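All remarks here apply to the structure that follows.
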Amino acid sequence: MTDFERRLAQRRDELEWLYMELYDDREKLRELEAMMQSAYARRSEALRALDERREKAPDWFRKGSMLGMTMYTSLFAGDLRNLEARLDYLSEQGITYLHLMPLLRMPHPDNDGGYAVEDFDQVDPSLGTNEDLARLTASMRARGMSLCLDFVINHTADTHEWAMRAKAGEQEYIDRYICYDSPEIPELMERTIPDVFPETAPGSFIYQEQMGKYVCSSFHPYQWDLNYRNPAVLNDMAASMLHLANLGVEVLRIDAVPYLWKEIGTSCRNLPRVHTIMRIIRLMTEIVCPGVILKGEVVMAPRELAPYFGPADKPECHLLYNASTMATQWSALASGDVRQLKRQLDDLHSLPAHCCFVNYLRCHDDIGWGLNEEYGRSLGADPVMHKVFLYRFFEGSFPGSYARGERYNYNPQTQDARTCGTTASLCGIEMGIEQRDEAQISMGIRRDLMMHAAMMSMAGFPMLSSGDEIGQLNGYGYHDDEVLREDSRNLHRTAFSWENAALRTQVGTIQQRLWDGLQRLERLRAQEPCFGETASVSTWDTHNQHVLALVRRAGGETMICLFNFTGEEQSVWLDALEGPFTDLISGEKRGCGGVLGAYQYVLATDRV
């Protein structure tokens with residue numbers, strides 16, 4: 001019996017039940033199984049060996065040594081071959097997980113940063129070839145790195161072969177999209193579906209003149225939502241996922257997961273059938289390529305996240321983004337008040353133990369201010385005015401702000417908006433450089449490192465945004481580019497500065513201070529048992545709303561992690577903990593309390 005046959009036998013009953021319950025089409029189920037067997041047969045010996053190792057150690061991604069980075073291939077290195085030549089730089093920093101922004105064939109110039117996909121089986125020619133991708137993943141595996149790629153499961157570009165054939169009138173391909181002959185149903189659905197981009201792409205349907213139909217398009221008019229009521233769609237998209245897995249992709253970031261199923265009269269978000277589809281995908285990868293894990297893009301409130309992990313005995317995603325904590329952490333920095341951040345972390349800590357998050361400060365996207373409004377009100381905050389304060393603070397227009405950023409997707413009716421900018425610019429380093437003020441630069445670096453230290457101390461594993469390790473600043477040149485200037489996310493989607501990266505070895509530079517500070521944190525994570533996969537994490541009361549405390553425990557050892565979110569000294573006390581503790585950053589001995597300086601962080605262990 002082959003490994004494929006063994007794994008299929010263990011999961012066949014559930015796979016069949018789910019597929020038949022969803023589609024009631026046994027012929028399509030047999031086609032799916034045949035496709036899976038064919039994908040397994042094409043899997044290389046090296047990848048099968050990876051599968052075997054990870055079947056025995058399925059929690060490999062929970063280790064304290066996990067360190068991620070996200071980037072655009074074109075901005076970092078130009079193309080895949082040049083990226084492979086730059087792997088030494090990533091190894092120097094200890095990166096074990098590299099998330100490359102979408103790189104499959106896309107239309108140009110309108111492609112939503114690569115999320116409008118023209119061919120799910122081919123690398124975009126501007127970035128290289130499938131062979132380049134396979135060679136890159138092999139080089140990364142040799143260095144202990146895993147490659148994560150986006151799989152844009154919800155929609156295709158309107159120039160995808162399926163869309164082109166649908167435009168030509170082929171019913172088989174029209175049926176792969178959500179189409180209506182008249183506007184009544186689309187208008188009815190738009191009453192209950194929230195706009196994704198209310199300013200730049202309002203509405204959820206477009207009228208396609210060539211087809212004479214109304215087509216569901218949740219994101220941009222050139223991105224058509226797929227019809228997962230059609231089993232041919234799931235089967236073919238599953239085949240493309242396995243194709244990427246066979247090129248050596250080890251983490252599939254499943255894009256826009258909550259949107260997969262549409263029903264009239266609902267928000268078309270988080271519907272039960274979404275979980276049926278995700279469980280089928282999880283079973284499929286466990287059967288064909290158990291070395292591959294699934295990361296879901298689920299930008300929802302904490303209470304809506306747990307279902308996307310699934311129950312422990314029937315899991316769905318291995319990982320989810322910790323997007324809510326990202327926003328709440330920036331809110332804490334602006335306000336100097338950590339109470340909402342502590343509550344947010346408590347909500348996440350209450351989830352089952354198999355739930356695992358990727359933590360980050362910045363990514364390719366904006367910061368959406370989706371905070372817990374009910375809890376905010378209990379603290380005396382008006383939710384709308386607090387959002388206004390946050391995006392004004394981080395664009396630098398609020399009195400006393402040190403930040404430099406820009407608004408994204410401002411809605412004048414609701415006063416809602418999101419925020420763009422690099423970590424260094426939002427933390428005040430850019431302002432310090434502008435003003436040639438070394439004190440401001442130093443304070444910005446303190447904020448930057450404190451924010452990273454807090455993020456790295458949370459449950460889950462950290463992911464850096466490329467350029468943050470050298471303090472990359474906002475790039476305002478996009479305002480002069482006719483293609484880019486309508487999307488303020490291009491403020492932080494700038495070409496990596498190798499000139500600045502070279503300064504990381506020059507003592508006293510901004511780059512060296514950030515690089516060394518981050519490396520110290522990264523090495524502690526990799527070495528300390530309290531950051532290992534068995535560690536427990538909880539928040540702790542500091543008797544000071546300006547200071548966050550996390551307590552990590554493993555193997556009888558306790559670590560206290562303290563973070564001052566203000567520019568003033570703060571006193572703290574942690575009840576019911578026994579010391580003394582040794583700060584792994586400064587080497588100083590501490591009790592269960594004491595004073596923290598401006599934006600100071602402490603990682604202290606009770607190990608003797």
Side-chain angles (χ1 to χ4, degrees), residues 47 68-91 95 97-143 145-153 155-161 219-220 222-223 237 240-256 292 295 297 363-365 463-467 472 475 477-478 481 483-484 487 489-490 492-498 501:
L47 293 176
M69 178 171 280
T70 180
M71 64 176 60
Y72 283 94
T73 302
S74 58
L75 296 177
F76 182 73
D79 59 26
L80 293 174
R81 288 193 178 189
N82 286 325
L83 175 57
E84 184 182 357
R86 294 288 194 176
L87 289 179
D88 283 348
Y89 175 83
L90 301 178
S91 292
I95 300 299
Y97 166 107
L98 181 63
H99 176 194
L100 297 180
M101 291 292 100
L103 51 71
L104 300 178
R105 202 178 81 195
M106 62 192 83
H108 294 277
D110 292 328
N111 55 52
D112 188 28
Y115 287 95
V117 181
E118 209 167 60
D119 188 336
F120 290 93
D121 296 325
Q122 296 293 326
V123 171
D124 192 82
S126 68
L127 299 174
T129 65
N130 286 8
E131 291 73 25
D132 294 334
L133 179 59
R135 189 167 50 250
L136 172 66
T137 60
S139 295
M140 289 177 62
R141 278 196 307 280
R143 295 167 177 265
M145 295 182 196
S146 299
L147 181 66
C148 172
L149 277 193
D150 291 84
F151 191 81
V152 185
I153 195 172
H155 47 263
T156 75
D158 65 356
T159 51
H160 188 282
E161 179 188 1
F219 290 83
H220 290 98
Y222 51 81
Q223 292 164 299
M237 295 296 278
S240 292
M241 286 186 220
L242 295 179
H243 175 71
L244 290 176
N246 281 349
L247 289 174
V249 176
E250 298 180 27
V251 186
L252 290 168
R253 176 197 179 271
I254 311 299
D255 183 63
V292 172
K295 179 173 71 171
E297 189 219 10
C363 65
H364 70 288
D365 242 328
M463 183 174 70
L464 306 176
S465 181
S466 176
Q472 190 127 331
Y478 84 95
D481 188 310
V483 174
L484 302 178
D487 190 337
R489 291 175 299 179
N490 289 305
H492 52 260
R493 295 174 179 176
T494 55
F496 185 81
S497 173
W498 288 101

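Please read all numbers here as calculations on a predicted model, not as lab measurements. All residue numbers in this chain count up from 1 along the given sequence.
- With sequence neighbours left out, the side-chain hydrogen bond (donor to acceptor under 3.5 Å, both in side chains) criterion links Asp150 to His99, Tyr115, Arg253.
- The side-chain hydrogen bond (donor to acceptor under 3.5 Å, both in side chains) search around Gln472 returns Thr494, not counting sequence neighbours.
- No more than 12 heavy-atom neighbours from other residues, nucleotides or ligands sit within 6.0 angstrom of CZ on Arg81.
- Within the 4.5 Å cutoff, no side-chain heavy atoms of Lys295 are placed close to those of Ile254.
- In this structure Tyr222 satisfies the side-chain hydrogen bond (donor to acceptor under 3.5 Å, both in side chains) test with no other residue, sequence neighbours excluded.
- Here the closest non-hydrogen pair linking Ala77 and Arg86 is CB-CG, 4.3 Å.
- Applying the side chain to side chain contact (heavy atoms under 4.5 Å, CB included) test to Ser466 and every residue at least two apart in sequence or in another chain returns Met69, Met71, Phe76, Phe496.
- Checked against side chain to side chain contact (heavy atoms under 4.5 Å, CB included), Asn490 has the following partners two or more places apart in sequence or in another chain: Tyr478, Leu484, Asp487, Arg493.
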Determine, step by step, whether Leu100 and Cys148 satisfy the side chain to side chain contact (heavy atoms under 4.5 Å, CB included) criterion, reporting the C-alpha distance in whole Å, the side-chain angles of both residues, the deciding distance to 0.1 Å, and the verdict.
CA-CA 6 Å; Leu100 297 180; Cys148 172; over 6 Å; no

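- Checked against salt bridge (Lys or Arg N to Asp or Glu O under 4.0 Å), Arg143 has the following partners two or more places apart in sequence or in another chain: Asp88.
- Under the ring pair (Phe, Tyr, Trp, His ring centres under 6.0 Å) criterion, His155 pairs with Phe219, not counting sequence neighbours.
- Applying the side-chain hydrogen bond (donor to acceptor under 3.5 Å, both in side chains) test to Asp121 and every residue at least two apart in sequence or in another chain returns Ser240.
- Side-chain N or O atoms of His364 include none that pairs as donor or acceptor with a backbone N or O of Met101 at under 3.5 Å.
- With sequence neighbours excluded, the residues satisfying salt bridge (Lys or Arg N to Asp or Glu O under 4.0 Å) with Arg135 are Glu84, Asp132.
- Between the CG atom in Asp158 and the NE2 atom in His220 there is a gap of 12.0 Å [rounded to 0.5 Å].
- Among the candidates Leu133, Leu149, Leu247, the single residue satisfying the side chain to side chain contact (heavy atoms under 4.5 Å, CB included) test with Val123 is Leu133.
- Here the closest heavy-atom approach between residue Val292 and residue Ala245 is recorded as CG2-CB, 3.9 Å.
- With sequence neighbours excluded, no residue forms a salt bridge (Lys or Arg N to Asp or Glu O under 4.0 Å) with Glu131.
- Between Arg141 and Gly248, the shortest heavy-atom distance links the atoms NH1-CA, 3.9 Å.
- In this structure the side chain of Tyr97 reaches within 4.5 angstrom of the side chain of Val251, judged on heavy atoms.
- One distance of note links CG of Asp79 with OG1 of Thr73; it measures 8.5 Å at 0.5 Å rounding.
- Using a 4.5 Å heavy-atom cutoff, the side chains of Thr70 and Leu464 are not in contact.
- Using a 4.5 Å cut-off on side-chain heavy atoms (C-beta onward), Val117 and Asp119 make no contact.
- Met145 contributes atom CE, which lies 10.0 Å from atom OG of Ser139 (distance to the nearest 0.5 angstrom).
- Between Asp255 and Ile153 the shortest heavy-atom distance is O-CG2, 3.2 Å.
- Sorted by first and then second residue, the ring-ring contact (aromatic ring centres under 6.0 Å, His included) pairs involving residues 116-135 (not counting sequence neighbours) are Phe120-Phe151, Phe120-His160.
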Show every donor-acceptor pair shorter than 3.5 Å between a side-chain atom in residues 102-114 and any protein atom, with sequence neighbours excluded, or say none if there are none.
| residue | atom | partner | partner atom | Å |
| --- | --- | --- | --- | --- |
| Arg105 | NE | Glu118 | OE1 | 3.3 |
| His108 | NE2 | Asp124 | OD1 | 3.2 |
| His108 | NE2 | Asp124 | OD2 | 3.2 |
| Asn111 | OD1 | Gly113 | N | 3.1 |
| Asn111 | OD1 | Gly114 | N | 3.0 |
| Asn111 | ND2 | Pro107 | O | 2.9 |
| Asp112 | OD1 | Arg489 | NH2 | 3.3 |
| Asp112 | OD2 | Gln223 | NE2 | 3.2 |

